[in-house]
Amino acid sequence: MAINWQQEAEKLEPQLLSDLTTLLKINSERDTAHKTAEYPLGPGPAKALDAFLAIAERDGFKTLNVDHVAGRIELGSGPETLGLFGHVDVVPAGPGWQTDPFDPVIRDGKIYGRGTSDDKGPSIAAYYALKLVRDLGLPINKKIHFILGTDEESDWVGMHRYLESEPAPDFGFSPDAEFPIINGEKGIASFKIVQKPVAAAEAQLTLNEFSAGIRPNMVPQEAKATITGDLPESFATQVNDWADQQGVKLTLTLGNPTTIEIVGKGAHAQEPKDGKNAATYLASLLADLPFDPAGKAYLTMVAKYLHLDSRGHHLGINYTDKLMGELTASPDIFTFTQDGEQSVLVNVRYPQGTDADKIRDQIESAVGAEQFDVTLSGHAQEPHYVPGDDPLVKTLLQTFTDHTGIAGHEQVIGGGTYGRIIKRGVAFGAQMPGQENVMHQANEYMPIKDIITAVAIYADAISRLVK
């Protein structure tokens, strides 16, 4: 008898939402300021991992906890291993929420909270799919390892630690992107542009501080500048008119010092156009004013090379590959003080055909090596691609089409998922085609019906892959 996967998945909704709520209530952002020897990423990620593994243990699965930074849920046996790759960490909540980001709310068929779409919602859908395959007693002729990381949004500490001591799966998918499939991912690298010391000189205005950004993979929603000196009399009227024209919110607090704050729109750094970068807007507003030499140079660089240029044309790094598409550049962390660091961190997602070393050189040539040092921050992740004729890709696309009636097709994204940790790894859902992408944004949510549909698709896919 054919299995009605959707019907079976719908039976699981009450318990699934209960377990998802448990996970969403945990603030699991990386918190190394409170790290310990036992919890190197801070207590939140470890607590979320423990909670997820506890759910699996309650349901009778064998689990493994790797140093409180990664975990595994196991099912089946056989010569090959199918890997499922999820993560329980989240990006910081950030500003702009209408509800408590760690007190999930269900409204209009959607569940709101940080991590609902990235990646606790999709991961719990994949877990319930695994449970459904087991509970239906379907044939399993391969090992299945559901591997959970706790640092996907930063340095992948958990997944790297896992692979140091545990075997890598032979093939698999990560429920951490969108349907129908992501079988290609651009390279990812962050570059730090550091301003060299600039000789001081008398000026009408001094830029005391300029700051924005909370993570390298998030377009900054808020930016703030602190200024001393005499601003033009018409400045207040002019800047408010400017803010209305630009579609950003501006708060001006005149005094000594004066502060200017901009609120734009946050977004995932993989597509900067989805947001409004508060920092580059603020720099473009201020760059033409008579600032001190260091402040003037910093603001001019940001306004000239980084504002409204998500494809890196002004930095000279623009590049397009026929398969993987365009390079994107997202300036995400801004730091400026008169006596301290003066830098910008630019997150770049690049296709095959270029590389991190070349991009670094191009950025330095554009901004000027005499004024700025440019370095690779951390390590670069190279582009990743699994061909469309690979049996894994073909099976997942056919499963998606069978469930939705929508023709499956290959996709390449700028986001980075755990799918890229193995040669035959892809990302598969759980965001549905046409659904608003709210990952890394305020008021993140996921439609409950999409979570349940993902359970059905994942369960069917897992069953097909391990027969």
Next item on the list: Just do the ring-ring contact (aromatic ring centres under 6.0 Å, His included) check on His314 and Tyr305 with the steps written out, would you?
Entry: CA-CA 5 Å; His314 297 152; Tyr305 295 105; 7.4 Å; no
Next item on the list: Quick one: do Phe210 and Tyr298 satisfy ring-ring contact (aromatic ring centres under 6.0 Å, His included)? Show the steps, please.
Entry: CA-CA 9 Å; Phe210 188 104; Tyr298 182 83; 5.8 Å; yes
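At a threshold of 4.0 Å, the pair Asp460-Arg464 counts as salt-bridged, since one of the basic side-chain nitrogens sits closer than that to a carboxylate oxygen. Using a 4.0 Å cut-off between a side-chain N of Lys or Arg and a carboxylate O of Asp or Glu, Asp321 and Lys186 do not qualify as a salt bridge. A salt bridge is defined here as a Lys NZ or Arg NE, NH1 or NH2 lying under 4.0 Å from an Asp or Glu carboxylate O, and Arg215 with Asp332 fails to meet this definition. Classification of Lys192 and Glu341 as a salt-bridged pair holds, one side-chain N sitting under 4.0 Å from a carboxylate O. Ion pairing of Glu271 with Arg311 is present here, as a side-chain N (NZ or NE/NH1/NH2) and a carboxylate O approach within less than 4.0 Å. With respect to Arg58 and Asp19, a salt bridge is recorded, a charged nitrogen being found less than 4.0 Å from a carboxylate O.
Sorted by first then second residue, the ring-ring contact (aromatic ring centres under 6.0 Å, His included) pairs that include residues 405-440, not counting sequence neighbours, are Trp156-Tyr418, Phe173-Phe428, Phe179-Phe428, His268-His440, Phe428-Tyr458. Every pair passing ring-ring contact (aromatic ring centres under 6.0 Å, His included) that includes a residue from residues 90-120 is listed here, sequence neighbours excluded: Tyr112-Tyr445.
Applying the ring-ring contact (aromatic ring centres under 6.0 Å, His included) rule to Phe61 yields the partners Tyr127; only residues at least two apart in sequence or on another chain are considered.
Side chain of Arg30 to main chain of Asp89: no donor-acceptor pair is present (N/O by atom type, distance under 3.5 Å, no hydrogens or angles).
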